Structures are given as structure tokens and as C-alpha cells.
Visitor: 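The structure is given below, and queries will be raised subsequently.
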Number of protein chains: 2
Amino acid sequence: MACAALRILDNLGLPDLTMRRLAAELDVQPSALYHHFPNKQTMLAELADRIVATHGLSPEDVPEDWRDALRAESAALRDGLLAYRDGAEVVSSTLALGLGADAPLHRLAGVIGRGGFDDSTAARASSVLVHFVLGHVSHEQQRMQYDSLGALSPELKSRGLDDDQAASFAFGVDLLVGGLERSRSRT
Amino acid sequence: MACAALRILDNLGLPDLTMRRLAAELDVQPSALYHHFPNKQTMLAELADRIVATHGLSPEDVPEDWRDALRAESAALRDGLLAYRDGAEVVSSTLALGLGADAPLHRLAGVIGRGGFDDSTAARASSVLVHFVLGHVSHEQQRMQYDSLGALSPELKSRGLDDDQAASFAFGVDLLVGGLERSRSRT
DNA sequence: ACCTGAACACCGTTCAAGT
DNA sequence: ACCTGAACACCGTTCAAGT
């Protein structure tokens with residue numbers, strides 16, 4: 001059920017993920033969907049939860065240094081969002097509406113807490129980080145879609161573009177890690 | 001024309017800002033709008049540009065210290081977004097689609113550049129900052145809307161909530177300012 | 001140049017009725 | 001419990017025709 005929705009999302013994108021198309025994919029009438037979700041937003045929230053659950057970094061892969069752990073978790077979250085077309089937008093809107101997809105928030109806050117910051121700081125900093133990740137990846141995915149719509153010589157321009165995106169993503173994460181580190185040394 | 005759109009946005013919110021309602025507000029047929037904008041997104045982009053243009057900090061009010069200037073510009077941007085219902089979401093989607101609303105990006109990059117950072121760093125850091133601001137204010141506005149829909153004793157919970165929002169906003173900005181400062185001293 | 005009228009191809013959601 | 005069929009109240013956009 002949610003699998004069909006993810007398939008539509010990945011193949012056609014968020015604007016084409018309609019209740020009617022999902023119903024058609026399941027060979028069912030649109031009204032039947034409302035026995036499983038109260039409304040469309042709830043269905044998208046379920047998708048968002050699944051998308052961020054994908055970014056499972058196995059516990060043994062989490063570095064013990066909190067800064068490296070934060071970088072690793074951030075990169076894993078980015079990978080999870082990039083795994084589905086328009087993944088960042090789905091998660092972003094769900095999170096904004098307070099309907100879920102808040103696992104990364106708690107995950108990252110936990111890592112920061114392990115760095116010796118108080119709960120309030122950890123919560124706020126993880127929120128800043130998640131806002132950045134969602135904004136960055138949304139932009140990234142928007143650009144991918146634009147490029148695939150075939151402007152002039154897409155290969156030429158996108159050669160090394162993935163590296164650029166990864167680098168500017170890492171820059172943002174490092175900026176926040178640095179800010180955190182500094183905030184502690186200034187106490 | 002754009003004023004009517006802003007009025008609808010502020011009174012009814014983004015979901016109710018439809019081409020048909022805008023046409024009705026202007027006492028015109030929906031099809032008439034397409035002589036002014038090629039499509040709805042373009043119309044929203046015009047709105048977004050206007051919303052971020054509001055955040056005009058007069059040049060004499062910009063502090064000379066780049067860190068204070070960054071804080072002041074960020075706060076002014078937040079105020080501009082908060083000035084219209086769903087302002088952050090309108091700007092966010094327009095920026096994501098690359099249709100405009102990039103004035104704050106250049107403004108902030110300029111301020112950072114005045115702090116002695118190279119152009120690439122300034123551009124990346126201002127992008128991080130704008131992602132944070134949009135994410136934060138979106139969340140803020142979502143919550144305002146939710147509260148006004150009247151949960152239990154809204155005054156009780158929102159007493160001092162504005163201060164909280166302003167404080168966590170300032171925290172995020174300071175985190176990034178600190179990160180930038182640190183990135184220079186570590187060169 | 002700017003607008004009307006009418007249509008096209010859709011939406012999300014509800015609800016009685018069936019099994 | 002789960003689904004159908006039909007409807008309600010909308011959308012964004014196009015296009016011939018008018019002025």
C-alpha cells in the first residue's frame with residue numbers, strides 16, 4: 001500500500017502522487033483509500049516516516065567522536081532523502097505540519113547530547129541542522145529534476161556537480177559542528 | 001493585482017490562494033489572469049519577491065560589525081516573512097524552484113563577504129542561513145495557524161512563546177556566526 | 001492589449017449502498 | 001471491515017470570440 005505510493009513518488013514525482021492515481025495503482029476506487037487514511041496528508045506522513053527510516057546507520061558504523069557521528073548521521077539522512085524522488089519535500093512538509101518524520105531530529109539531538117551539550121541546546125542545534133539538510137536536499141532534487149528535463153548538454157554541466165553538492169553539504173554541516181564546538185569553549 | 005493576492009494570502013492563507021479566487025477578488029474571469037502571468041507559480045514568485053523586498057533594513061541601521069550585521073539582517077528577514085501569513089512557505093517554494101526570492105541570499109552573502117570571507121564561503125554560508133531562516137519561520141507560522149485554530153487554552157501556552165521562538169531563532173543564527181568565526185581562526 | 005464564456009482534464013473528499 | 005458508484009465542490013489552464 002505505502003509501497004505503491006513510494007513507487008508513484010519515485011517514478012512520477014510528488015505532484016503526480018494523487019489519491020486517484022494511487023487508487024488506480026492499487027486497482028481500487030479512490031474512496032477505498034479513506035478506509036486506510038483519514039486524508040492525503042496522513043498518507044504522505046506515513047511515506048515521510050518510511051523515507052527517514054531508511055537512513056538507518058547501523059550502530060557499529062556510528063563513530064564514537066560526536067563530531068564525526070554528527071557528520072555521518074547527516075550524510076546518512078541526506079542519502080535517505082535522495083533515495084526517493086522529491087523525498088526532501090515530502091519529509092519537509094510532513095515535519096512542518098507536525099505529522100511525523102521527526103526521527104532524524106531526535107537521532108541528531110541524541111548525538112549532540114553525547115557531545116556534552118544540554119538538552120535544550122541539543123534540540124535547537126539539531127533543528128537547525130535538519131532545516132539545513134532539508135533545504136539543501138530539496139534544492140538538490142529540484143535541480144536534478146530540472147536537469148533531467150534536458151536543458152543544454154546536461155552531462156557537460158553536471159560533470160562533477162555531484163561532488164559540488166556533496167562538498168557544499170559537508171560545508172554546511174561543518175559550519176554547524178564548528179559553531180557548536182565554539183559555543184562550548186566560550187562558556 | 002499583486003496586492004489583491006497578498007490580501008488573500010494574509011486573510012485566508014496559501015491553500016486558499018487560488019487563481020479562481022484571485023480572479024473573483026479582481027472581479028474578472030480566471031482566464032484573464034493568464035494575460036498577466038504565464039502560470040500560478042510565476043504569480044507566486046512575484047509575491048515572494050515582494051515579501052522579501054519588505055525586509056528592507058535601511059543602510060544606516062546596518063551595524064558595521066559583520067556579525068551584528070548578519071544578526072540584524074537575519075532578524076529583518078524573519079520579520080519580513082512573518083509579516084504575511086504563510087510568507088515563509090511562499091518564499092521557500094519560490095526559492096526552491098529557482099524562480100526568484102533570492103535577494104536575501106545575496107544580501108546575506110554580501111554581509112559575510114564584508115567579514116573577510118571569500119565568495120564561495122560567503123555564498124555557501126548565506127545559503128545555510130537562509131535554509132535555516134525559512135525552515136524556522138515556516139515552523140513558526142505553522143504553529144501560529146495551529147494555535148489560532150483554537151486548541152485548549154491557547155493563551156496559556158503561547159504566553160512567552162514568542163520570546164521562545166525569537167530566542168531559538170537567535171540561537172540558530174549565533175550558531176552559524178560562531179561557525180563562521182571559527183572557520184576563519186582555524187585557517 | 002485585455003477580457004469573456006465555455007470547456008478540458010483533472011483534484012480531495014463524502015456517503016449511501018453493497019459483501 | 002472493506003469496497004463500489006456516484007456525486008459534490010472545487011482546481012489550473014486553454015482557446016475561440018469579442019472590444
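Computed over heavy atoms, backbone and side chain alike; hydrogens, waters and symmetry mates excluded. This one's a predicted model, so the numbers in the text were calculated from it and none came from an experiment.
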Visitor: Given D:dA1, is OP1 or OP2 found less than 4.0 Å from the side-chain N or O atoms of A:H36?
Guide: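 For A:H36, the contact criterion (side-chain N or O under 4.0 Å from OP1 or OP2 of D:dA1) is not met.
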
Visitor: What is the distance, to the nearest angstrom, from the OH atom on A:Y34 to the P atom on C:dC11?
Guide: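 Atom OH in A:Y34 sits about 11 Å away from atom P in C:dC11.
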
Visitor: Return the nearest nucleotide to the side chain of A:R20; candidates are D:dT13, C:dT13, C:dT4.
Guide: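 Shortest atom-to-atom distance from the side chain points to C:dT13.
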
Visitor: In whole angstrom, what separates B:L17's CG from D:dC11's P?
Guide: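 Going from CG in B:L17 over to P in D:dC11 covers 11 Å.
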
Visitor: Let me know the distance between NE2 of A:H35 and P of D:dC2, rounded to the nearest Å.
Guide: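 Spelled out: NE2 on A:H35 to P on D:dC2 is 9 Å.
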
Visitor: A:D16 has an atom CG; how far is it from atom P of D:dG12, in whole Å?
Guide: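 The distance from CG of A:D16 to P of D:dG12 comes to 16 Å, rounded to the nearest Å.
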
Visitor: From CZ of A:F37 over to P of C:dG12, roughly how many Å is that when rounded to an integer?
Guide: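 It works out to 13 Å between those atoms.
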
Visitor: Could you please name the option among D:dT4, C:dG12, D:dC15 that lies closest to any side-chain atom of B:S31?
Guide: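 That would be D:dC15.
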
Visitor: What is the distance from CG of B:L12 to P of D:dC10, rounded to the nearest Å?
Guide: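 To the nearest whole Å, that distance equals 13 Å.
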
Visitor: Quick one: B:L33 CG to D:dC11 P, roughly how many Å, whole number?
Guide: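 In whole Å, D:dC11 P and B:L33 CG are 13 Å from each other.
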
Visitor: If you count heavy atoms of other groups shown closer than 6.0 angstrom to CG of B:D119, is the number above 12?
Guide: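 Counting neighbours around CG of B:D119, 12 or fewer heavy atoms of other residues, nucleotides or ligands fall under 6.0 Å, so no.
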
Visitor: Just how far, in rounded Å, is C1' of D:dC3 from CE of A:M1?
Guide: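 Rounded to the whole Å, the gap is 12 Å.
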
